[in-house]
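Take a look at the structure set out below.
Lettering follows sequence order; numbering is per chain, from 1.
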Protein chains: 2
Amino acid sequence: MEKLSTRFDAETLLKVAEILKTIAHPVRLSILELLENKEKLTVSELMKGTGIEQSLLSHHLIKMKDKGVLKSEREGKNIFYTLADKHIVNIFDCMEGCSIIK
Amino acid sequence: MEKLSTRFDAETLLKVAEILKTIAHPVRLSILELLENKEKLTVSELMKGTGIEQSLLSHHLIKMKDKGVLKSEREGKNIFYTLADKHIVNIFDCMEGCSIIK
DNA sequence: CTTAAATATGACAAAATGTTCATATTTTTA
DNA sequence: TAAAAATATGAACATTTTGTCATATTTAAG
């Protein structure tokens, strides 16, 4: 019997799952979308962009930062969030090609 | 103030999140990986390929089917599972380019 | 027609996640 | 230095997700 192929090892699959789980939420995706076009945005700007309440947004941002999806840096009174790795938003192209979401 | 861009509308973001949530699990990813190279596989073959116990595997398969990620068809005693849309596995290319998972 | 093989189902417990609310922290400004 | 603006934190709670186990269903084979 042929051996079934494995492109990723177990550990990598875990990491991939971890990242996907981290972004698999409408608000988080919306945040990524905004950061795809704006490079860096403050929490306040993200509040307006997403329409999400401050505390909840903060929770989302911090989780994404913890998981390595976002980075942040303070600039005076504001904190700017950016994509830790711009490649992540390729997922949007990916999903756009999928008939499942139509 | 500039309007922040929105590539996907809220409804689509929901669907995308739904799909990502569905596949964001190491076993599910492993299933997709196997189906990337084999077109159709029975539950038994997937058991061997993933090393997952029958009942749990079945739960995973059925959820992915419910969410539109997989399809299945009976052939005698076996049930073959296939990708509903092959584009979904592009996510692997996508993630491979991401330094986050290294 | 009984059994075996392959797969699905359903109930349940445990763990993870999402949300809200109240409050804390940090920085700037009056 | 007190108040305001921007953001983070943490507890409490509801919801969802995972995994396990026992059992059901379907089909083929003896």
*Carefully, step by step, assess B/Thr82 and B/Lys71 under the rule side-chain hydrogen bond (donor to acceptor under 3.5 Å, both in side chains).*
CA-CA 5 Å; B/Thr82 56; B/Lys71 288 188 305 180; 5.0 Å; no
_Categorize A/Leu57 for me: base, sugar-phosphate, or nothing, with a 4.0 angstrom heavy-atom threshold over every strand shown._
nothing
*Check the distance between D/dT16's C1' and B/Leu14's CG and give it to me in whole angstrom.*
15 Å
*Taking CD from A/Glu73 and C1' from D/dA6, how many angstroms apart are they, rounded to a whole number?*
16 Å
*Between B/Val43 and A/Ser55, name the one whose nearest nucleotide on DNA chain C is closer to the 5' end.*
B/Val43
*Under a 4.5 Å side-chain heavy-atom rule over Ile, Leu, Val, Met, Phe, Trp and Tyr, are A/Val27 and A/Leu32 clustered together?*
yes
*Nucleotide D/dT18, atom P - distance to CG of B/Asp66 in whole Å*: 14 Å
*asked:* Rounding to an integer number of Å, can you tell me how far A/Glu18 CD sits from D/dT17 P?
replied: 16 Å
_Verdict with supporting geometry, B/Lys38 and B/Glu45, salt bridge (charged side-chain N to carboxylate O under 4.0 Å, His left out)_ = CA-CA 11 Å; B/Lys38 255 305 206 166; B/Glu45 291 171 324; over 6 Å; no
*Kindly compute the distance separating CZ (B/Phe8) from CD (A/Glu33), expressed to the nearest 0.5 Å.*
6.5 Å
*Give A/Ile62 one of three labels, base, sugar-phosphate or nothing, depending on what nucleic acid heavy atoms sit under 4.0 Å from its own.*
sugar-phosphate
*asked:* At less than 4.0 Å, is any side-chain N or O atom of B/His60 found next to OP1 or OP2 of D/dG19? Yes or no.
replied: yes
_Closest-nucleotide 5' rank along DNA chain D - winner of B/Leu56 and A/Ile79_ = A/Ile79
*Walking along DNA chain C from 5' to 3', note the first and the last nucleotide with an atom under 4.0 Å from a heavy atom of chain A, and give both.*
C/dT17 to C/dT28
*Is a side-chain donor or acceptor of B/Ser30 paired with a backbone partner of B/Pro26 at a separation under 3.5 angstrom?*
no
*Answer yes or no: does a side-chain N or O of B/Arg28 lie under 4.0 Å from OP1 or OP2 of D/dT18?*
yes
*Using a 4.0 Å heavy-atom cut-off across all strands, classify B/Thr42 as base, sugar-phosphate, or nothing.*
sugar-phosphate
*Describe the nucleic acid contact of B/Phe80 in one word from base, sugar-phosphate, nothing, applying a heavy-atom distance below 4.0 Å.*
nothing
*Would you state whether a donor and an acceptor, one from the side chain of A/His59 and one from the base of D/dG10, lie under 3.5 Å apart?*
yes
_Just verifying a value: how many Å separate A/Thr42 OG1 and A/Met47 CE, rounded to the nearest 0.5 Å?_
9.5 Å
*asked:* Quick check for you: among D/dA5, D/dT9, D/dT20, whose closest atom lies nearest to any side-chain atom of A/Lys77?
replied: D/dA5
*asked:* When you measure from the side chain of A/Asp85 to the backbone of B/Ser99, do you find a donor-acceptor pair of N or O atoms at a distance under 3.5 Å?
replied: yes
*Contact nearer the 5' end of DNA chain D, comparing B/Ala24 with B/Arg74*: B/Ala24
*Rounded to whole angstrom units, what separation is found between the NZ atom of B/Lys67 and the C1' atom of D/dT17?*
11 Å
